[in-house]
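Worksheet: the structure to be examined is printed underneath.
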Amino acid sequence: MQNSSNQTVKNKGIYLLPNLFTTAGLFSGFYAVIASMNANFEAAAIAIFIAMICDGLDGRVARLTNTQSDFGAEYDSMADMVSFGMAPALLAYNWALADLGKIGWLAAFIYCAGAALRLARFNTQVGVADKRYFQGLASPAAAAVIAGSIWLGNQYSLDGRNISWIAALVTAATGLLMVSNFRYHSFKEIDWRGKVNFIVILLVVGVFVVVSVQPALILCVGFYLYAISGPIITIRTVRKLKVAHIVGDDTVANVETNSSVQAAAQTQVVTDLEKEKQEEHKP
C-alpha cells in the first residue's frame with residue numbers, strides 16, 4: 001500500500017530540466033511584451049529570438065534525458081503562445097501598426113489568432129503528421145520573421161510608422177501562413193546523436209561567424225527565405241495545385257501531397273537504377 005502511494009506522489013511531480021528551458025522561453029516572451037510597451041523594440045526582438053532558442057532546447061533536452069511528460073507538452077504550448085503569438089503581435093503593433101487604428105490591431109490579431117490555431121492544430125497532429133514537414137509555417141519561425149524585420153529596421157533607424165501598411169501586410173500574411181497547408185521542412189530527420197564528418201563542424205562554425213557579422217540582417221533574410229519556401233515546396237510536390245493545398249481540408253491536401261512525394265521518390269529510384277545498369281554495361 002505504501003509503495004503504491006509513493007508511486008502516485010512520484011507521478012505527480014514534474015521534470016525540472018526541460019521545464020526550466022520552457023520557463024526561460026516564457027520569461028523571454030513576457031519580457032518582449034514589456035520591452036515593446038516601453039518602445040525598446042530591439043531588446044524585444046532579441047528576446048523573441050532567445051525564446052526561440054529555449055523552445056528548441058526544451059523538447060530536445062526532454063527527449064535526450066527521457067523526461068517527456070504531458071505536463072511539459074502543455075506548458076510548452078502555453079509558453080509558445082506568449083512568446084510566439086502575443087509577443088510578436090504586440091511588438092508589431094507598438095512598432096508600426098498603432099497609427100493605422102482598426103486596421104493595425106486587426107492585422108496584429110490575425111497574426112495572434114493564426115499562432116493560436118497553428119499551435120492547436122500541431123497538438124492534435126502529434127504522432128500522425130509526417131515528421132519531415134510542418135503543416136503551415138511554425139510559430140517560432142513566424143515570430144522570427146516579425147522580430148527580425150523590426151530588429152533590422154531598428155538598426156537602420158527606420159521608423160515603423162513610415163512603413164505601417166507594409167508592416168500590416170507582412171504581419172497578417174505571416175499569420176495566414178501559419179494556418180495554411182503549405183509544407184515546410186522541419187529538419188527533424190537530422191540525427192543529433194549520430195557522428196558527422198569534421199567538415200560539418202567547420203560549416204557550423206562558419207554559420208555562426210556569418211550570423212555574428214550582421215545578426216539582424218542574416219536572421220531576417222534567412223527566415224524570410226524559409227517563410228516563402230513553404231509555397232515553393234508545395235507547388236513543386238503536387239501535380240495540380242488546389243485550394244485544399246493552400247488552406248481548408250488539410251487531410252485531402254496531405255494525402256495528395258504525400259502521394260505526389262512518394263511518386264516522385266519512386267521515379268527517382270527507377271531513374272537511379274537505370275543509371276546503375278547503364279554504368280554496369282559500359283566497357
Side-chain angles (χ1 to χ4, degrees), residues 25-52 55 77-122 136-182 216-217 219-228 230-231 243 246-248:
L26 177 60
F27 175 81
S28 298
F30 181 76
Y31 173 80
V33 173
I34 300 300
S36 69
M37 292 171 60
N38 293 326
N40 196 352
F41 302 119
E42 183 172 347
I46 294 174
I48 290 175
F49 279 103
I50 294 175
M52 287 181 58
D55 181 65
S77 293
M78 299 299 176
D80 287 352
M81 185 58 208
V82 174
S83 300
F84 310 129
M86 290 295 297
L90 291 174
L91 175 58
Y93 180 80
N94 291 326
W95 185 67
L97 306 180
D99 289 346
L100 293 180
K102 291 183 179 180
I103 300 296
W105 67 258
L106 282 173
F109 175 73
I110 289 174
Y111 176 91
C112 188
L117 293 169
R118 172 68 177 78
L119 290 167
R121 183 171 67 177
F122 177 80
L137 182 62
S139 56
V145 171
I146 302 298
S149 301
I150 295 173
W151 187 5
L152 183 63
N154 192 75
Q155 281 204 343
Y156 285 92
S157 301
L158 180 64
D159 191 344
R161 293 171 294 183
N162 295 334
I163 56 168
S164 55
W165 287 102
I166 298 176
L169 179 63
V170 171
T171 303
T174 307
L176 294 176
L177 283 176
M178 283 190 283
V179 295
S180 70
N181 288 335
F182 292 131
L217 178 61
L219 291 174
C220 183
V221 172
F223 280 103
Y224 265 93
L225 291 176
Y226 181 73
I228 64 175
V243 175
I246 302 174
V247 67

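Note that these values count all heavy atoms, side chains included, but never hydrogens, waters or copies made by symmetry. Predicted, not measured: the structure shown is a model, and the values here were computed from it.
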Distance-minimising heavy-atom pair for [X] and [Y]:
| X | Y | answer |
| --- | --- | --- |
| Met178 | Arg121 | O-NH2, 3.2 Å |
| Gly160 | Ala96 | O-CB, 3.3 Å |
| Gly114 | Val179 | O-CG1, 3.6 Å |
| Ala87 | Gly29 | CB-O, 3.6 Å |
| Ala147 | Ala45 | O-CB, 3.4 Å |
| Ala115 | Met81 | C-SD, 4.3 Å |

Original post:
When the ring planes of Phe27 and Tyr31 are compared, do they come out parallel, tilted or perpendicular, using 30° and 60° as the limits?
Top reply: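 The arrangement is parallel - the two ring planes meet at less than 30°.
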Subject >> Pair Leu219-Trp151, side-chain contact (heavy atoms from CB on, under 4.5 Å): steps then yes or no >> reply: CA-CA 10 Å; Leu219 291 174; Trp151 187 5; 3.9 Å; yes
Subject >> Pair Val145-Tyr226, side-chain contact (heavy atoms from CB on, under 4.5 Å): steps then yes or no >> reply: CA-CA 9 Å; Val145 171; Tyr226 181 73; over 6 Å; no
State the [atom1]-[atom2] distance between [X] and [Y], to the nearest 0.5 angstrom.
| X | Y | atom1 | atom2 | answer |
| --- | --- | --- | --- | --- |
| Leu176 | Leu117 | CG | CG | 10.5 Å |
| Leu91 | Met37 | CG | CE | 12.5 Å |
| Leu225 | Cys220 | CG | SG | 9.5 Å |
| Leu97 | Leu90 | CG | CG | 10.5 Å |
| Leu177 | Arg118 | CG | CZ | 11.0 Å |
| Ile150 | Asn154 | CD1 | CG | 9.0 Å |

Subject >> Minimum side-chain heavy-atom gap Phe84-Asp55 below 4.5 Å >> reply: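 The answer is yes, as the side chains (C-beta and beyond) meet within the 4.5 Å cut-off.
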**OP:** Taking the side chain as every heavy atom from C-beta outward, state whether Ile146 and Thr171 have any atom pair closer than 4.5 Å.
**Re:**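 Ile146 reaches Thr171 side chain to side chain.
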**OP:** Applying side-chain contact (heavy atoms from CB on, under 4.5 Å), run through Ser77 and Phe122 and close with a yes or a no.
**Re:** CA-CA 10 Å; Ser77 293; Phe122 177 80; over 6 Å; no
**OP:** Go through Ile103 and Trp165 one step at a time and tell me if the side-chain contact (heavy atoms from CB on, under 4.5 Å) criterion holds.
**Re:** CA-CA 9 Å; Ile103 300 296; Trp165 287 102; 3.8 Å; yes
Original post:
Should we count CE of Met86 as having more than 12 external heavy atoms under 6.0 Å?
Top reply: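 For Met86, atom CE is not crowded (no more than 12 foreign heavy atoms under 6.0 Å).
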Subject >> Side-chain (Asn38) to main-chain (Asn40) donor-acceptor, under 3.5 angstrom >> reply: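 The answer is no, because no donor-acceptor pair under 3.5 Å joins these two groups.
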Original post:
Do side-chain atoms of Ser83 reach the backbone of Gly25 as a donor and acceptor pair under 3.5 angstrom?
Top reply: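 Looks like yes, one N/O pair under 3.5 Å.
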**OP:** Not counting sequence neighbours, list each pair that qualifies as a side-chain hydrogen bond (donor to acceptor under 3.5 Å, both in side chains) and has a residue in residues 93-116.
**Re:**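 Sorted pair list: Ser36-Asn94.
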**OP:** Tell me, please, which residues at least two apart from Phe30 pass side-chain contact (heavy atoms from CB on, under 4.5 Å).
**Re:**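 Phe30: side-chain contact (heavy atoms from CB on, under 4.5 Å) contacts with Ile34.
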